Number of protein chains: 2
Amino acid sequence: MDQQVTDGRLRRGDQTRRVVLGRAVDVASVDGLDGLSIGRLAGELDISKSGLIAHFGTKEELQLATIRAARAIFVTTVIQPALAHPPGNERLRTLLEGWLAYSSDRRFPGGCFFARASHEYAARPGAVRDALAQVDEEWVRLIAETVAQAQEAGEIEPSVDPAQLAFDLTAFLDAANLRSLLGDDSVYERAYRSMRDRLESVALS
Amino acid sequence: MDQQVTDGRLRRGDQTRRVVLGRAVDVASVDGLDGLSIGRLAGELDISKSGLIAHFGTKEELQLATIRAARAIFVTTVIQPALAHPPGNERLRTLLEGWLAYSSDRRFPGGCFFARASHEYAARPGAVRDALAQVDEEWVRLIAETVAQAQEAGEIEPSVDPAQLAFDLTAFLDAANLRSLLGDDSVYERAYRSMRDRLESVALS
DNA sequence: AAACAATACGAACGATCGTACTATTTGTTT
DNA sequence: AAACAAATAGTACGATCGTTCGTATTGTTT
């Protein structure tokens with residue numbers, strides 16, 4: 001996204017930003033975007049509070065930057081690999097299985113970053129909530145669109161409402177993520193089975 | 001649970017506890033069990049910080065008491081009314097529809113208290129997480145047991161795994177709760193439809 | 001080498017956090 | 001009325017919060 005930077009000063013700043021955000025997403029996935037305190041982050045990274053916040057201005061800007069960083073990781077981990085597969089059922093399954101791996105492999109130590117942060121800010125109006133709501137909506141829409149493509153490919157019954165199926169499938173994923181963190185070890189298998197059964201129930205080919 | 005208290009001093013204390021916890025569950029449903037600060041709570045209720053915390057000892061004890069208070073509200077709002085119905089499909093539907101109403105009516109201003117709090121503490125070991133995990137497990141188990149009773153009544157196919165069906169159904173509920181808070185107005189209808197379709201797919205009678 | 005720009009630091013600000021300690025008030029018991 | 005018990009209040013503590021300001025460091029440009 002960013003063009004190659006040759007100025008060593010800007011390069012240094014970008015590197016610091018990267019390190020800070022890399023730590024921020026992990027911290028926030030466990031302790032939330034509120035638990036993401038500037039002093040704590042600076043302490044863990046052995047840099048000064050003032051030097052850290054100078055990159056973002058305010059805490060809210062740091063939170064928004066953290067959301068963008070987490071979104072980029074999610075795209076790289078879950079979405080990009082799936083886009084290598086052809087549209088339709090195969091891509092849909094890759095997306096869903098990729099999500100389960102993203103959660104169960106603990107790409108973020110606190111499980112899905114967005115499940116954690118979205119629940120934290122869902123009932124609190126503001127820029128942070130809006131950003132999280134948009135990411136969530138993008139994700140659900142991607143699943144629905146992929147379902148629609150599978151229909152166009154003749155792999156899923158045309159009578160199925162893509163948004164409805166996407167609601168069900170993403171619900172399974174989120175439930176597995178939460179209950180795994182709460183100590184249920186069987187829940188990823190359950191989610192996989194529910195997902196498979198649900199897809200088989202609407203399969204055509 | 002508590003026996004009738006005649007001592008006016010203890011009565012006064014119980015009343016204060018009740019007022020504090022009544023406010024605490026609402027605050028925590030929006031701002032989380034961390035956002036539940038003693039100073040804020042005392043300020044909103046016009047009592048002293050020291051007088052408030054004297055009832056609970058520490059903040060963690062206040063959090064645990066808040067979880068117990070929220071659980072009592074949940075039982076009264078969702079579970080008790082359903083227990084008036086006969087075991088089986090009827091009770092199961094009442095539980096699920098009662099939950100959707102509990103969420104959409106905003107019995108807690110931040111939506112489901114436990115969805116909010118569970119995600120907040122899911123990845124943070126301690127007494128608070130354990131208490132939340134237990135409430136969640138109780139709830140899912142109740143749904144699974146009610147499914148099993150519906151099987152015994154010949155209303156649901158005996159081949160169905162009650163825990164698997166309970167996983168699906170509770171997943172729909174939680175997804176509706178979150179996405180409603182994030183601004184999706186159609187999501188309770190979607191959850192209702194998914195729930196109904198899922199139950200019809202395993203119905204016997 | 002001098003001027004400039006971006007980054008990073010250190011110190012301090014007022015505010016709020018959870019908690020502890022000491023009165024004071026309110027109600028009961030003798 | 002006196003002694004006691006429970007609830008409530010007032011004050012202060014050290015720690016941490018987000019933010020601001022002035023200064024030093026690092027790198028580039030002239």
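From a predicted model like this one, the values you see are computed outputs, not experimental measurements. Throughout, protein chains are lettered first and strands after them, A, B, ... in sequence-line order, and every chain is numbered starting at 1. Below, all heavy atoms of this structure are taken into account, side chains as well, without hydrogens, waters or symmetry copies.
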Q.
Tell me the interatomic distance from L10(A), atom CG, to dT7(C), atom P, rounded to whole angstroms.
A. 5 Å
Q. Taking protein heavy atoms under 4.0 Å as touching, what does nucleotides 10-25 of chain D look like 5' to 3' if B marks base contact, S marks sugar-phosphate-only contact and - marks none?
A. B------SBBB-----
Q | Residues E189(B), R193(B); criterion salt bridge (charged side-chain N to carboxylate O under 4.0 Å, His left out); working and verdict | A | CA-CA 6 Å; E189(B) 294 176 24; R193(B) 172 182 288 268; over 6 Å; no
Hey, what are the protein-to-nucleotides 28-30 of chain D N/O distances that come in under 3.5 Å?
residue : atom : partner : partner atom : Å
dT28(D) : OP1  : G8(A)   : N            : 3.0

Q. Taking CG from D31(B) and C1' from dC17(C), how many angstroms apart are they, rounded to a whole number?
A. 15 Å
Q: Return the value, rounded to whole Å, for the distance between atom CD1 of I47(A) and atom C1' of dT26(D).
A: 16 Å
(Q) Between R198(A) (side chain only) and L165(A) (backbone N and O only), is there a donor and an acceptor less than 3.5 Å apart? (A) no
Q. Pairs in or reaching into residues 63-75 of chain A: which pass side chain to side chain donor-acceptor pair (under 3.5 Å), with residues at least two apart or in two chains?
A. Q63(A)-Y121(A), R71(A)-E138(A)
Q. Between atom CZ in R17(A) and atom P in dA8(C), what is the gap in whole Å?
A. 11 Å
Q | Whole-Å gap separating P (dG18(C)) and CD (E61(B)) | A | 15 Å
(Q) I'd like to know whether CZ of R106(B) has more than 12 heavy-atom contacts from other residues, nucleotides or ligands below 6.0 angstrom. (A) yes
Q: Please report, rounded to the nearest Å, how far the P atom of dA7(D) is from the CZ atom of R18(B).
A: 13 Å
Which atom pairs, donor and acceptor, lie under 3.5 Å between side-chain atoms of residues 125-136 of chain B and protein residues at least two apart or in another chain?
residue : atom : partner : partner atom : Å
R129(B) : NH1  : L181(A) : O            : 2.7
D136(B) : OD1  : R179(A) : NH2          : 3.0
D136(B) : OD2  : R179(A) : NE           : 2.8

Q.
Strictly by side chain to side chain donor-acceptor pair (under 3.5 Å), give each pair with a member in residues 90-105 of chain B just once, sequence neighbours left out.
A. S103(B)-N177(B), S103(B)-Y188(B)
Q.
Without decimals, in angstroms, what is the distance between H55(B) NE2 and dA5(D) P?
A. 19 Å
Q | Given dA6(D), dA8(C), dT8(D), the nucleotide with the shortest approach to the side chain of T16(A) | A | dA8(C)
Q.
With a 3.5 Å distance limit and no angle check, can you tell me whether E120(A) reaches the backbone of E120(B) through a side-chain donor-acceptor pair?
A. no
Q.
Treating S118(A) as the side-chain partner and A115(A) as the backbone partner, does any N or O pair qualify as donor plus acceptor under 3.5 Å?
A. no
Q. Rounded to the nearest Å, what distance is computed from the CG atom of residue L45(B) to the C1' atom of nucleotide dA9(D)?
A. 15 Å
(Q) Please classify the nucleic acid contact of L52(A) as base, sugar-phosphate, or nothing, using heavy-atom distances under 4.0 Å. (A) nothing
Q | Within residues 160-181 of chain A or reaching into it, pairs that qualify as ring-ring contact (aromatic ring centres under 6.0 Å, His included) - sequence neighbours excluded | A | F172(A)-F172(B)
